[in-house]
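Quick caveat, the model's predicted, so the values are computed rather than measured. Here is the naming used below: chain letters follow the sequence lines, and residue numbers restart at 1 for every chain.
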Amino acid sequence: MALRFYNTLSQQVEEFAPARDNTVRMYSCGPTVYDYAHIGNFRTFAFLDILRRWLRASGFGLDHVMNITDVDDKIIRNAVAQHKSLSDYTAVYTQAFLDDCRTLRLEPPEHLVPATRHVDDMVAAIEKLSSGGHTYTSEGSVYFRIASFPGYGKLSHNDFSGIRAGARVDMDEYDKADARDFALWKAPKEGEPAWPASIGPGRPGWHIECSVMAIRYLGATLDIHAGGVDLIFPHHENEIAQSESLTGQPFARFWLHAEFLMVEGQKMSKSLGNYYTLRDLLAKGTAPEAIRYLLVSVPYRKALNFTMEGLKSAATAIDRLRNFKLRLETDKLPEGLNQPLAGRTAAAAHQFRGGMDDDLNTAEALAAVFEYVREANIALDAGEFRAANAPAALDLLAQFDAVFDVLKPSVQGAALTDEQIEARVAERTAAKKARDFARADQIRQTLLDQGVILEDTKSGVRWKRK
RNA sequence: GGCGCGGUAGCCAAGUGGUAAGGCAAGGGUCUGCAAAACCCUUAUUCGUCGGUUCGAUUCCGACCCGCGCCUCCA
């Protein structure tokens, strides 16, 4: 079955392929760098990472643009309060975002672009919109007139036909002709930073950066535009209005949106004390892989309940996979090929791909892997797992890990070298042979304290780092 | 009120018009000098509630209840 995604625009699952030359042109909304990103943000970014990796695994090339919003009201407010320049202020959180992404093994997009790098392009776009009759100016700010765009509401499936400019009563309060109109360019208030421009000094509104940068790097029509559900309205709706008014072309063919994340069954909020940044979780000693696993194990279109129990569960599940991989690599396997098992391996790989192809159904894909692991472990225990079965099994794990990327442990601080560990293991084996179990156990415990786990198996001692 | 998503075992969660994947947790067992790892068994006659269609519905239709999101720039 071919790759297919749920498209917010059509509200249907549709078969996906890029429009031209096998390269997927995609855009996703990045962070606003006014603070550390929280775990809810990373649910969406982790989804984007899975999306990227699966598109590549499906044989497509990638051209992905993500913006970094480094100018907006909150940033200005905070920077002014701290007597810092915008760029000094945002540099800290931009770097923090990059570090966090690396920790969670999120691939960088092909283009990661700060909005402030394209202010000139935004001004040019606003001028073009103005000459097309899509804007008006009020007290130095430029607004987009949604009445000039007939398709407004097609993404969020809202019907705005009943809302007419004449019905407005609070015009003096909003300075807008219609409450739904939005700012393209904001005139500066006293003490606020501003860019000089033909349309008057000011700064870009939030929505214009995405339209301008997407079109500039990827062309008029994107294959995929993705983000969190809360961006559907008004942000993405406004992007469509701007972009399509600008180019006359459909802005994006597929719109994908990740659902919300909750913490311990409640919405995340600072007042409830369940508002976590990645740093908060790492400080509690959580492995980054467990966080990554938990974030992507629930299919992206389903709300995710992020819990401490879930984090533990994720870590244990990863261990199960790692242990299986270690067994494949270290057990002495009898020669030959177990034909039925080889069939099962192929079937598991097929089911894995089928799950991912089905709108990134990660739960289904994971089930395929785990079911296979159990069957393979049984065969391993029974001595029926043959040497020639191992490559396909390892390949299945590689396919899994190319997307989920959780098998390799994050490196912890200084540890014993392999040689030191081997020497201690040999010492313990000698003690065991002499039936000095107290000494053997003491060595095992010492190694455990240093993060090395020993396991006695039929084919000798196996060790692994915690 | 409008738009959208969802309610499946203790927790997370897949799924189909034909009789409930997978992970974690819990209890029991096998293996082991003891562990660890692994495996086996047990844990939903039942899929929010009530009706309807059907030979048969968790899966289709209707109503209702509950949770969540968006509808003032929040992933």
For this session: May I ask you to verify if any side-chain N or O of A:Asn305 is less than 4.0 angstrom from the OP1 or OP2 atom of B:G6?
Result: no
Exercise. Under 4.0 angstrom, heavy atoms only, what part of the nucleic acid is A:Leu294 near: base, sugar-phosphate, or nothing?
Worked result: nothing
Exercise. Is it the case that more than 12 heavy atoms not belonging to A:Lys154 sit under 6.0 Å from its NZ atom?
Worked result: yes
Exercise. Counting side-chain heavy atoms from CB outward, which of B:A37, B:C34, B:C74 is closest to A:Arg462?
Worked result: B:A37
Problem set entry | Among B:A35, B:A13, B:C74, the one nearest A:Asp72 by side-chain distance | B:C74
For this session: Examine B:A14: is either OP1 or OP2 under 4.0 Å from a nitrogen or oxygen in the side chain of A:Lys302? Give yes or no.
Result: yes
Exercise. Of A:Tyr275, A:Phe45, A:Tyr276, which is the lone residue that meets ring pair (Phe, Tyr, Trp, His ring centres under 6.0 Å) with A:His38?
Worked result: A:Tyr275
Exercise. Of all residues at least two apart in sequence or in a different chain, which pass the side chain to side chain contact (heavy atoms under 4.5 Å, CB included) check with A:Val212?
Worked result: A:Asp121, A:Met122, A:Ala125, A:Ile208
Exercise. Is the A:Trp206 ring parallel, tilted or perpendicular to the A:His235 ring (thresholds 30°, 60°)?
Worked result: parallel
Problem set entry | Residues within residues 183-191 of chain A bordering RNA chain B, heavy-atom distance below 4.0 Å | A:Lys186
Exercise. In terms of side-chain geometry, is the basic nitrogen of A:Asp49 or A:Arg53 positioned less than 4.0 Å from the acidic oxygen of its partner?
Worked result: yes
Problem set entry | Salt bridge A:Lys408-A:Glu289, side-chain N to carboxylate O under 4.0 Å | no
Exercise. Quick one, which residues of residues 327-334 of chain A touch RNA chain B with a heavy atom under 4.0 Å?
Worked result: A:Arg327
For this session: Give the nucleotide from the list B:C74, B:G33, B:A38 with an atom nearest to the side chain of A:Asp456.
Result: B:G33
Show me the protein contacts with nucleotides 65-70 of chain B, counting only N or O atoms at under 3.5 Å.
residue	atom	partner	partner atom	Å
B:G69	OP1	A:Lys267	NZ	3.2
B:C70	O2'	A:Phe233	O	3.1

For this session: Do nucleotides 18-31 of chain B as a string where each nucleotide becomes B, S or -: B if the base has a protein heavy atom under 4.0 Å, S if just the sugar-phosphate does, - if no protein is that close.
Result: ---BSSSS------
Problem set entry | Residues A:Arg327, A:Asp331: salt bridge by 4.0 Å N-O rule | yes
For this session: Could you tell me how the ring of A:His225 sits relative to the ring of A:Tyr27: parallel (under 30°), tilted (30 to 60°) or perpendicular (over 60°)?
Result: tilted
Seminar exercise, completed: Nearest-nucleotide check on RNA chain B, A:Asp319 vs A:Gly228; residue mapping nearer the 5' end is A:Asp319
Problem set entry | A:Asp70/A:Arg117 ion pair, N-O < 4.0 Å | no
For this session: For B:U58 and B:G18, measure between their P atoms and round to the nearest Å.
Result: 11 Å
Exercise. Using the ring of each side chain (for Trp, its six-membered ring), is A:Tyr143 parallel, tilted or perpendicular to A:Tyr136, with breaks at 30° and 60°?
Worked result: parallel
Problem set entry | Of the listed nucleotides B:G15, B:U72, B:C34, the one nearest the side chain of A:Asn361 | B:G15
Problem set entry | Residue pair A:Asp73 / A:Arg203: nearest heavy atoms and the distance that separates them | OD1-NH2, 2.5 Å
Exercise. Which of parallel (below 30°), tilted (30 to 60°) and perpendicular (above 60°) describes A:Trp255 and A:Phe251?
Worked result: tilted
Exercise. So what does A:Arg301 touch, heavy atoms closer than 4.0 Å: a base, only the sugar-phosphate, or nothing?
Worked result: sugar-phosphate
Problem set entry | Check: A:Asp159 side chain, B:G2 base, donor-acceptor under 3.5 Å | no
Problem set entry | Axial cation check for A:Tyr6 ring with A:Arg301, 6.0 Å and 45° limits | yes
Problem set entry | Residues which pass salt bridge (charged side-chain N to carboxylate O under 4.0 Å, His left out) with A:Glu427, listed by chain and number, not counting sequence neighbours | A:Arg424, A:Arg439
Seminar exercise, completed: Walking RNA chain B from its 5' end, the first of A:Gly40 and A:Arg428 to be reached, judged by nearest nucleotide, is A:Arg428
